[in-house]
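Report on the structure given below.
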Amino acid sequence: RSLRLMITENIKLFSQTVQYYFPQGARLSVPAGGFILWICLPENVSSIELLHLAQAESISIIPGDIFSNSDQFKNYIRLNCATPWNDNVKQAIATLGELVFRMMHNS
């Protein structure tokens, strides 16, 4: 029960932080009852390219590409919200938002 409460609160915190730090054009989807946050990035942002940039910053994301055998989710990422919320997590989301912003303007 306490885990469910923590995850519910984390989903809210992650969502608010993504909305604050990610550029306009990014959309959120929160599957009911889960602990994963789907983020649809602007069309010109590759989740695979973002994965490599994020890894260089020691940030873990899951690119949407691996969930499809087509290009359907090439600009989607998944974030695991079951990790304990802290300043490092908030900073990682802020850094991801910055990387997405740079990618949008460099393509």
Side-chain angles (χ1 to χ4, degrees):
R1 183 162 136 165
S2 62
L3 178 61
R4 250 183 304 163
L5 290 173
M6 181 199 74
I7 290 173
T8 299
E9 182 64 19
N10 280 3
I11 291 281
K12 186 174 93 174
L13 291 167
F14 273 71
S15 297
Q16 290 171 343
T17 306
V18 167
Q19 289 171 340
Y20 184 82
Y21 287 106
F22 275 56
Q24 281 188 318
R27 295 185 325 268
L28 299 175
S29 175
V30 183
F35 57 91
I36 299 295
L37 183 67
W38 274 94
I39 303 171
C40 176
L41 306 170
E43 285 290 322
N44 64 331
V45 176
S46 161
S47 62
I48 295 293
E49 185 180 338
L50 180 59
L51 169 68
H52 296 298
L53 294 172
Q55 285 175 331
E57 300 287 337
S58 299
I59 299 171
S60 296
I61 62 169
I62 304 169
D65 296 51
I66 67 171
F67 299 99
S68 174
N69 59 1
S70 69
D71 285 342
Q72 186 176 1
F73 299 113
K74 65 181 175 61
N75 61 317
Y76 283 74
I77 61 171
R78 282 178 39 162
L79 294 181
N80 179 345
C81 299
T83 186
W85 180 260
N86 58 45
D87 288 338
N88 291 335
V89 171
K90 182 178 180 180
Q91 184 56 52
I93 294 171
T95 300
L96 279 175
E98 167 91 14
L99 293 172
V100 171
F101 185 82
R102 279 194 249 148
M103 290 174 70
M104 285 174 56
H105 292 89
N106 288 334
S107 59

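Between the side chains of Thr95 and Gln91, at least one donor N or O lies within less than 3.5 Å of an accepting N or O. Between the side chains of Ser47 and Asp65, at least one donor N or O lies within less than 3.5 Å of an accepting N or O.
Asn44 contributes atom CG, which lies 8.5 Å from atom NZ of Lys74 (distance to the nearest 0.5 angstrom). Here Phe73 contributes atom CZ and Cys40 contributes atom SG; the two are 9.5 Å apart, rounded to the nearest 0.5 Å. Rounding to the nearest 0.5 Å places CD of Gln55 at 8.0 Å from CD1 of Ile61.
Scanning both residues, Asn88 and Asn86, for their nearest heavy atoms gives N-OD1, 2.9 Å. Listed here is the closest heavy atom pair of Met103 and Ser46: CE-O, 3.4 Å. For Val45 against Met104, the heavy-atom pair with the smallest separation is CG2-CG, 3.6 Å. Between Trp38 and Gly64, the shortest heavy-atom distance links the atoms CZ3-CA, 4.0 Å. Across Pro63 and Leu51, no two heavy atoms sit closer than the pair CG-CD2, 3.9 Å. Pro42 approaches Val100 most closely through the heavy-atom pair CD-CG1, 4.2 Å.
Between Phe67 and Gln72, every side-chain heavy-atom pair lies at or beyond the 4.5 Å cut-off. Side-chain contact between Phe22 and Ile39 is present, with at least one heavy-atom pair separated by less than 4.5 Å. Looking only at side-chain heavy atoms (C-beta outward), Leu79 and Leu96 come within less than 4.5 Å of each other. Side-chain contact between Phe14 and Gln19: absent, with no pair of heavy atoms (C-beta onward) separated by less than 4.5 Å. Under the 4.5 Å side-chain criterion, counting only non-hydrogen atoms from C-beta, Met6 is not in contact with Trp85.
Shown are Val30, Val89, Ile36, Ile11; of these, the side chain to side chain contact (heavy atoms under 4.5 Å, CB included) with Cys81 is made only by Ile11.
Linking ILVMFWY residues whenever their side-chain heavy atoms come closer than 4.5 Å, directly or via other members, leaves Leu5 and Leu37 in distinct clusters. Hydrophobic clustering of Ile, Leu, Val, Met, Phe, Trp and Tyr side chains at less than 4.5 Å, counting indirect connections, keeps Ile48 apart from Leu50.
Counting non-hydrogen atoms of other residues, nucleotides and ligands closer than 6.0 Å to NZ of Lys90 gives a total of 12 or fewer. No more than 12 heavy atoms of other residues, nucleotides or ligands sit less than 6.0 Å from atom OH of Tyr20.
Aromatic ring orientation, His105 versus Phe101: tilted (interplanar angle from 30° to 60°).
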